[in-house]
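For clarity, every value in this text was computed on a predicted model and none was experimentally measured. Both backbone and side-chain heavy atoms feed into the values below; hydrogens, waters and symmetry mates do not.
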2 protein chains.
Amino acid sequence: MAQRRKVGNILGLALLSLLVPGDALHPYEMARILRHTGKEQDMNIKVGSLYTVVQNLEKHGFIEAVTAERDGRRPERTPYKITPAGRAELTDWLGELVAVPQHEYPRFRAALSILGVLSPDDVVRLLERRLDALDAESAAQRRELDDAGDLPRVFLIEVEYTLAMREAEAAWVRGLLAAIADDSLSGVREWREFHDAGGRPPPEWKEMLDSE
Amino acid sequence: MAQRRKVGNILGLALLSLLVPGDALHPYEMARILRHTGKEQDMNIKVGSLYTVVQNLEKHGFIEAVTAERDGRRPERTPYKITPAGRAELTDWLGELVAVPQHEYPRFRAALSILGVLSPDDVVRLLERRLDALDAESAAQRRELDDAGDLPRVFLIEVEYTLAMREAEAAWVRGLLAAIADDSLSGVREWREFHDAGGRPPPEWKEMLDSE
DNA sequence: AGACGTATATTCGCCTACGAGTATTCGGAG
DNA sequence: CTCCGAATACTCGTAGGCGAATATACGTCT
């Protein structure tokens with residue numbers, strides 16, 4: 001998964017950001033804060049991975065362990081603090097994420113790309129279910145935004161972003177359904193034939209698909 | 001990564017779909033077809049993974065090896081064909097992907113959620129760069145769509161979808177920039193203070209962030 | 001005919017992700 | 001006081017992802 005960055009897991013970015021104020025934190029507390037501040041909505045957080053990521057961050061000098069301490073008689077804890085290299089990595093990484101759109105692979109896009117193996121009628125039914133789910137989620141999220149009305153908007157941009165994207169997707173799906181319904185989507189007849197023929201593309205498409 | 005599905009890698013879905021017509025294919029040819037038909041745009045395709053996925057698909061009975069053959073003196077090839085269980089898995093999986101929106105974690109959303117560590121001015125600059133990149137990509141993709149004008153639209157839905165999403169994102173970013181510029185985004189002053197204070201949240205926010 | 005680049009076809013091994021397990025302490029209920 | 005569940009704080013093993021290596025055959029330029 002890791003590529004150019006020495007630490008590829010996005011969790012690493014969140015951890016670095018937690019340490020920015022300068023205080024040392026031990027892994028378990030990082031996990032607690034992340035969960036408590038709702039960061040699980042923004043990224044995949046698994047405790048097992050968190051410890052791996054902390055190790056990697058240390059290995060590459062982005063954080064360093066403060067002398068292990070013992071509080072009460074709890075298991076030994078090793079707190080970490082961010083290094084200058086860590087701060088540099090944080091701003092650089094974050095800057096890149098904001099400025100350069102990544103090519104990610106939403107499962108839905110993958111699914112769309114092989115939609116042909118289903119029949120148009122099935123697809124219509126499935127898309128309608130998706131639409132319902134999308135609308136429900138949007139409504140829930142809009143409520144969430146209203147409830148947190150006193151919190152400055154800046155601290156909710158990721159929610160607004162997600163909401164905007166979800167609504168855009170819903171609109172697109174609606175458009176697609178409409179196009180299928182009023183038959184303005186070119187190729188639906190061919191699609192049905194394709195599907196009825198057991199997924200074997202008619203010969204005259206072969207070249208088109210090949211040449212692409 | 002794998003969860004409910006016995007084979008979690010989305011590549012498996014694409015491979016199953018290739019085998020739907022009934023002909024047996026060997027792994028290398030699957031890879032060739034996928035690359036040739038532009039599926040790399042829709043999902044992450046690594047040859048190393050492909051072989052692993054093929055093995056897993058076989059292990060779970062979704063595909064089965066046909067007697068290994070030898071063509072010319074090329075290295076031995078083992079072609080696979082889809083089983084009834086494989087067809088069932090394909091339609092079920094695909095159906096779920098279409099009907100049920102997944103919670104995925106776009107890096108950009110994660111980045112937005114910790115934007116606070118950058119200064120508002122930096123963020124504006126970065127967002128402007130993103131906007132340029134988005135517009136450039138959209139333009140390129142629209143050209144691509146025009147060029148393939150004879151191909152039935154059904155076979156380009158994934159492209160249309162991506163384009164729609166990208167444009168929606170661009171619109172949202174534009175809106176955010178405008179809101180920052182005309183100061184209608186609540187909390188920007190606090191944001192600046194927060195950043196100047198070294199990322200330490202002012203005490204009166206603590207509760208809000210905690211209670212969330 | 002030899003050399004060299006490209007296409008064919010797969011294997012290997014490292015690293016990361018992460019579920020599940022382990023060990024300890026604390027805060028109540030009874 | 002003691003039992004027990006929840007919280008604290010990690011560790012470990014396994015499976016999957018993927019870059020890189022390997023090995024053969026083919027085409028073609030000289």
Side-chain angles (χ1 to χ4, degrees), chain A residues 1-15 18 24-36 40 43-60 62-63 65-66 68-80 103-105 107 110 210, chain B residues 1-15 18 24-36 40 43-60 62-63 65-66 68-80 104-105 107 110:
Chain A
M1 190 69 57
Q3 339 64 314
R4 258 191 40 238
R5 300 277 162 192
K6 304 196 177 165
V7 175
N9 196 324
I10 192 84
L11 226 188
L13 192 77
L15 296 184
L18 285 185
L25 297 177
H26 52 102
Y28 186 87
E29 180 150 32
M30 302 180 194
R32 213 174 44 76
I33 299 181
L34 289 181
R35 218 165 292 128
H36 210 65
E40 324 176 82
M43 58 187 72
N44 209 353
I45 295 178
K46 310 284 155 149
V47 202
S49 311
L50 190 143
Y51 282 88
T52 316
V53 169
V54 166
Q55 271 188 64
N56 288 349
L57 287 173
E58 186 184 23
K59 188 170 73 188
H60 294 290
F62 296 142
I63 63 179
V66 180
E69 67 179 40
R70 197 172 273 273
D71 183 31
R73 290 254 198 78
R74 301 245 181 75
E76 188 174 292
R77 310 179 298 178
T78 50
Y80 294 86
H103 271 98
E104 289 168 72
Y105 302 94
R107 322 270 285 186
D210 283 355
Chain B
M1 192 69 57
Q3 341 66 312
R4 259 192 39 240
R5 300 276 161 194
K6 305 199 176 161
V7 174
N9 196 320
I10 191 85
L11 226 187
L13 193 75
L15 296 185
L18 285 185
L25 297 177
H26 52 100
Y28 186 86
E29 178 148 35
M30 302 179 193
R32 213 173 42 77
I33 298 181
L34 288 180
R35 215 165 296 127
H36 209 65
E40 323 175 84
M43 58 189 70
N44 209 352
I45 296 179
K46 309 287 156 149
V47 205
S49 309
L50 191 143
Y51 282 86
T52 315
V53 170
V54 166
Q55 271 188 64
N56 289 347
L57 287 174
E58 187 185 22
K59 188 169 72 187
H60 295 289
F62 297 142
I63 62 177
V66 179
E69 66 178 43
R70 196 171 274 274
D71 184 31
R73 288 255 199 75
R74 300 248 182 75
E76 187 176 294
R77 309 179 297 177
T78 51
Y80 294 86
E104 287 168 72
Y105 301 94
R107 323 270 287 185

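The side chain of A/N9 contributes no N or O atom lying less than 4.0 Å from OP1 or OP2 of C/dT16. Contact annotation: A/H26 side-chain N/O to D/dC10 OP1/OP2 distance is under 4.0 Å. Between A/N44 and C/dC18 there is a side-chain polar atom (N or O) within less than 4.0 angstrom of OP1 or OP2.
The distance between atom CG of A/N56 and atom P of C/dC14, rounded to the nearest whole Å, is 17 Å. For the pair A/E29 CD and D/dC10 P, the computed distance is 10 Å after rounding to whole Å. The CZ-C1' distance, from A/R4 to D/dG19, rounds to 18 Å in whole Å. Residue A/Y28 contributes atom OH, which lies 10 Å from atom P of D/dC10 at whole-angstrom precision. Here C/dT6 presents its P atom at 18 Å from CZ of B/R32, a figure rounded to the nearest Å. Following rounding to the nearest Å, A/K46 (NZ) and C/dG21 (P) show an atom-to-atom distance of 16 Å. Straight-line distance from the CD1 atom of A/I45 to the C1' atom of C/dG19: 16 Å, rounded to whole Å. Between the P atom of C/dA7 and the NE2 atom of B/H36 lies a distance of 12 Å, rounded to the nearest Å.
A side-chain contact (heavy atoms from CB on, under 4.5 Å) with B/M43 is found for one member of B/N9, B/L34, B/I10 and no other, namely B/I10.
In plain terms, the two heavy atoms of B/Y28 and B/Y51 that are nearest each other are N-OH, 3.7 Å. Looking at every heavy atom in both residues, A/R35 comes nearest to A/V47 through NH2-CG2, 3.7 Å. For B/V7 against B/H60, the heavy-atom pair with the smallest separation is CG2-CD2, 3.9 Å.
By the salt bridge (charged side-chain N to carboxylate O under 4.0 Å, His left out) test, A/E29 is found to be paired with A/R32, residues two or more places apart in sequence or in another chain being considered.
If you check residues 47-55 of chain A against DNA chain C, the residues with a heavy atom closer than 4.0 Å are A/G48, A/S49, A/T52, listed by number.
Taking 4.5 Å as the limit, some side-chain heavy atom of A/I33 sits within range of a side-chain heavy atom of A/L25.
Of the possible donor and acceptor atoms, one in the side chain of B/T52 sits under 3.5 Å from a partner among the backbone N and O of B/G48.
Here the side chain of B/R77 is nearest to one of C/dT16, C/dT10, D/dC10, namely C/dT10.
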